Peer 1: 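First the structure, which I've put down as C-alpha cells, then a few questions once you've had a look.
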Protein chains: 2
Amino acid sequence: MQPQPPAPEGPWGEVDSATSRRLLGAAVEAFGERGFHATTTRDIARRAGLSPAGLYVHYRSKSALLGHLSRVGHAAALRLVEHALSLPGDSPRRLHALVTAFVAWHAEHHTVARIVQYELRSLDAEDAREVAAMRRRLEGLVEAEVRRGVDAGTLSTQHPHQATRAVLSLGIDVARWYSPAGRESPARLGRIYADLALRMLSAEPPAPARLDDQETV
Amino acid sequence: MQPQPPAPEGPWGEVDSATSRRLLGAAVEAFGERGFHATTTRDIARRAGLSPAGLYVHYRSKSALLGHLSRVGHAAALRLVEHALSLPGDSPRRLHALVTAFVAWHAEHHTVARIVQYELRSLDAEDAREVAAMRRRLEGLVEAEVRRGVDAGTLSTQHPHQATRAVLSLGIDVARWYSPAGRESPARLGRIYADLALRMLSAEPPAPARLDDQETV
DNA sequence: GTCTATAATTAGATAGAC
DNA sequence: GTCTATCTAATTATAGAC
C-alpha cells in the first residue's frame, strides 16, 4: 500500500457519469451556501441543469447525495493525512507537513469542507457509521504521530489527546471562516498555521509564566 | 463602565416572562440537537409545554427566536472576553485568563455556543448585522491585546491577526465536538487549551526546525 | 395568553410518457 | 435518462374562540 498523493483536481475525479458529477458540484454549492436542510432538491437539480425529478435517477434521496459527498470528502481528507504521515523525517517534520496540507485543504475546498465538518447530523445511519469510522481513523493517526514524537523527545506535551484535538481544530475551523475574498492564500495560511501548531507541540517548552491556575488538575 | 463578571446562572437571566424563558430553553435544545432548519416550531412549542400557536405570542417568527438567542449568546461571550481583558497583569496573563474562560464557556454552554457559532446563516438581516458587529468587536479586542503583548515584548508572533484567529478557533471549535459524556471538565479543558494558546504566542520562540517551507511568502 | 382549527405554501419523492 | 405533472405530507404562520 503505497502512499498516494491527494488527487489534484478536486475531491471527485472518479465519480461515474458526467451528470452525477454535475449533481455533486451543484449539491456542494447549494449545501455550502444554505446548509443541507435549507437546500431543496429542486435547487440542486436546477443548478445541475436538470428537472426536479432528474436528481432521483442518480440518487435515491437528498440525504443519499449528502452521504456520497461526505464520504468522498472524508476520503480526501484522510488520504491527505496519510500522505503527510508517510513522509520521511521526524515527527515535527511530518506534523508540519500535515497541518500545512490539512489547513490548505480546508481553505481551498472550504465549501466541501464545511459540508464534511458541519453536516454530520444530517447523514443517514449507514453513512454516519462509515463517516464516523473515517473520522476516528484520522484523529487516531494524528494522535499516534504526536505520541511517537513525544516518546522520541522531538515533541513535548503533557496532553497528547487534547493537543491533537487542538491541532485538528485549527484546520477544521478554517472551513467555517475562510473566504477566498480574504487576503491570504490557502498555501500561506497552511504554513502560518503549521508553525503555530508546532509551537504548541514544541520540544523546547517555552515555559510561559504559570499564571492564574494554581493547580493543574 | 466597570467590568462585569459573566452571569453565573446561564446566558439569559433577565429575559422577560417565564414563558419566554421556557421558549428560549426549548429552542436551545431543539436547535442544538437538529439545527435551526431541521427544527419545527411545533417541536419548540411542545418542549416549552405550549400549543403550536403559543410560540407566536412571544416571537414574531422562528427566526426571530433564533435572533434573540444569538444576540443573548453573543453578548455573554463578549462580556466574558471584556472581563478577562480587564484583569490586571501583562498580556500573557490576560490572554491566559481569556482562553481559559472562552474555552470553558464553549464547553459548558456547548449547545448555546453551537447555535451562536454555527447558525449565523439563518439570521434575519437586522439580527445578522447586529451579531456581526459583536463578532467584529470580540475579535478586535483580542487582536488588540495580542498586539499590545507583542509591542511590550511579552508575546511573540509574526502574524498577530492569524494568531488571534487561531486562538479563537481553539475555543469556537470546542462547541462543535464537546460532549459532557467526555472525560474532561470545561474548566480543565480551558486550562489545557490556555496553556496551548500561550505556547503559540510565547515570547520565547521555540524555533521549531524550519522544515519543508522554503519561502515564507 | 392560550387554545383549536386551518389557511397557504412548499417540501421530498413518484408516475408514466418519450 | 430526462421530462411534465402530480401525490402526499409537513411546514410556518394566522384566525378567532375562550
Side-chain angles (χ1 to χ4, degrees), chain A residues 12 14-71 115 119-128, chain B residues 12 14-71 115 119-128:
Chain A
W12 49 91
E14 337 72 348
V15 167
D16 346 274
S17 74
T19 310
S20 272
R21 270 198 299 280
R22 283 212 319 281
L23 275 167
L24 276 178
V28 168
E29 279 182 38
F31 293 159
E33 280 176 25
R34 307 166 192 269
F36 174 78
H37 269 105
T39 297
T40 68
T41 54
R42 284 172 159 77
D43 183 19
I44 298 169
R46 193 179 39 74
R47 287 181 199 247
L50 292 176
S51 74
L55 186 151
Y56 292 92
V57 174
H58 301 272
Y59 290 96
R60 193 173 20 76
S61 65
K62 186 170 82 154
S63 59
L65 180 44
L66 173 68
H68 189 178
L69 209 51
S70 192
R71 280 185 271 111
I115 298 160
E119 297 286 5
L120 299 172
R121 276 188 303 216
S122 306
L123 291 170
D124 292 333
E126 174 59 27
D127 290 321
Chain B
W12 49 91
E14 335 75 347
V15 167
D16 346 275
S17 75
T19 310
S20 272
R21 271 197 300 279
R22 282 212 320 280
L23 276 167
L24 276 179
V28 168
E29 278 183 37
F31 293 160
E33 281 177 25
R34 308 165 190 268
F36 175 76
H37 270 105
T39 297
T40 68
T41 54
R42 282 173 158 75
D43 184 19
I44 298 169
R46 194 180 38 74
R47 288 180 198 248
L50 292 177
S51 74
L55 186 151
Y56 294 91
V57 174
H58 301 271
Y59 290 96
R60 194 172 20 76
S61 65
K62 187 171 80 153
S63 61
L65 179 44
L66 174 68
H68 189 178
L69 208 52
S70 191
R71 279 184 273 110
I115 298 160
E119 297 287 4
L120 300 171
R121 276 188 302 215
S122 306
L123 291 170
D124 292 333
E126 174 59 26
D127 290 321

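Just so you know, these numbers come straight off a predicted model, no measurement behind them. Each chain gets a letter, A, B and so on, in the order its sequence line appears, and its residues count up from 1. All values below come from the heavy atoms of this structure, side chains included, with hydrogens, waters and symmetry mates left out.
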Peer 1: Just jot down the side chain to side chain donor-acceptor pair (under 3.5 Å) partners of A:Arg121, sequence neighbours excluded, or say none.
Peer 2: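 A:Arg121 satisfies side chain to side chain donor-acceptor pair (under 3.5 Å) with no other residue.
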Peer 1: Apply side-chain contact (heavy atoms from CB on, under 4.5 Å) to B:Ala38 and list each qualifying residue two or more places apart in sequence or on a separate chain.
Peer 2: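 B:Ala38: side-chain contact (heavy atoms from CB on, under 4.5 Å) contacts with A:His37, B:Arg34.
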Peer 1: Taking side-chain contact (heavy atoms from CB on, under 4.5 Å) as the test, write out the residues that go with B:Ala64, two or more places apart.
Peer 2: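 For B:Ala64, the residues satisfying side-chain contact (heavy atoms from CB on, under 4.5 Å) (neighbours in sequence not counted) are B:Arg60, B:Ser61.
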Peer 1: Shortest non-hydrogen contact from A:Phe36 to A:Glu119?
Peer 2: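 That closest heavy-atom pairing would be N-OE2, 2.9 Å.
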Peer 1: In the structure I gave you, are the side-chain heavy atoms of B:Asp127 and B:Ser70 within less than 4.5 Å of one another anywhere?
Peer 2: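 Not in contact.
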Peer 1: Can you check the B:Arg46 CZ to D:dT11 P distance for me, whole Å?
Peer 2: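 Nearest whole value for this atom pair: 11 Å.
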Peer 1: Could you walk me through whether B:Tyr56 and B:Leu50 pass side chain to side chain contact (heavy atoms under 4.5 Å, CB included), step by step?
Peer 2: CA-CA 10 Å; B:Tyr56 294 91; B:Leu50 292 177; over 6 Å; no
Peer 1: Could you list all N or O pairs between the protein and nucleotides 10-12 of chain C that sit under 3.5 Å apart?
Peer 2:
unit_1 : atom_1 : unit_2  : atom_2 : d
C:dG12 : OP1    : A:Thr39 : O      : 3.2
C:dG12 : OP1    : A:Lys62 : NZ     : 3.0
C:dG12 : OP2    : A:Thr41 : N      : 2.8
C:dG12 : OP2    : A:Thr41 : OG1    : 3.1
C:dG12 : N7     : A:Arg42 : NH1    : 3.2

Peer 1: Specify the separation, in whole Å, of atom CG of B:Leu65 and atom C1' of D:dT11.
Peer 2: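 The answer, rounded to whole Å, is 16 Å.
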Peer 1: Is there any protein nitrogen or oxygen under 3.5 Å from a nitrogen or oxygen in nucleotides 1-3 of chain D, and what are the pairs?
Peer 2:
unit_1 : atom_1 : unit_2  : atom_2 : d
D:dT2  : OP1    : A:Thr19 : OG1    : 3.3
D:dT2  : OP2    : A:His58 : NE2    : 2.7
D:dC3  : OP2    : A:Ser51 : N      : 2.6
D:dC3  : OP2    : A:Ser51 : OG     : 3.1

Peer 1: Could you give all pairs that pass the salt bridge (charged side-chain N to carboxylate O under 4.0 Å, His left out) test and reach residues 23-32 of chain A, with sequence neighbours left out?
Peer 2: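 Checked against salt bridge (charged side-chain N to carboxylate O under 4.0 Å, His left out) - neighbours excluded - the pairs reaching residues 23-32 of chain A are A:Glu29-A:Arg47.
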Peer 1: So, using salt bridge (Lys or Arg N to Asp or Glu O under 4.0 Å) as the criterion, who are the partners of B:Arg46 when residues are at least two apart?
Peer 2: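 Per chain and number, B:Arg46 pairs via salt bridge (Lys or Arg N to Asp or Glu O under 4.0 Å) with B:Asp43.
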Peer 1: Between C1' on C:dT14 and CZ on A:Arg60, what's the gap in Å once rounded to a whole number?
Peer 2: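 Answer to the nearest Å: 15 Å.
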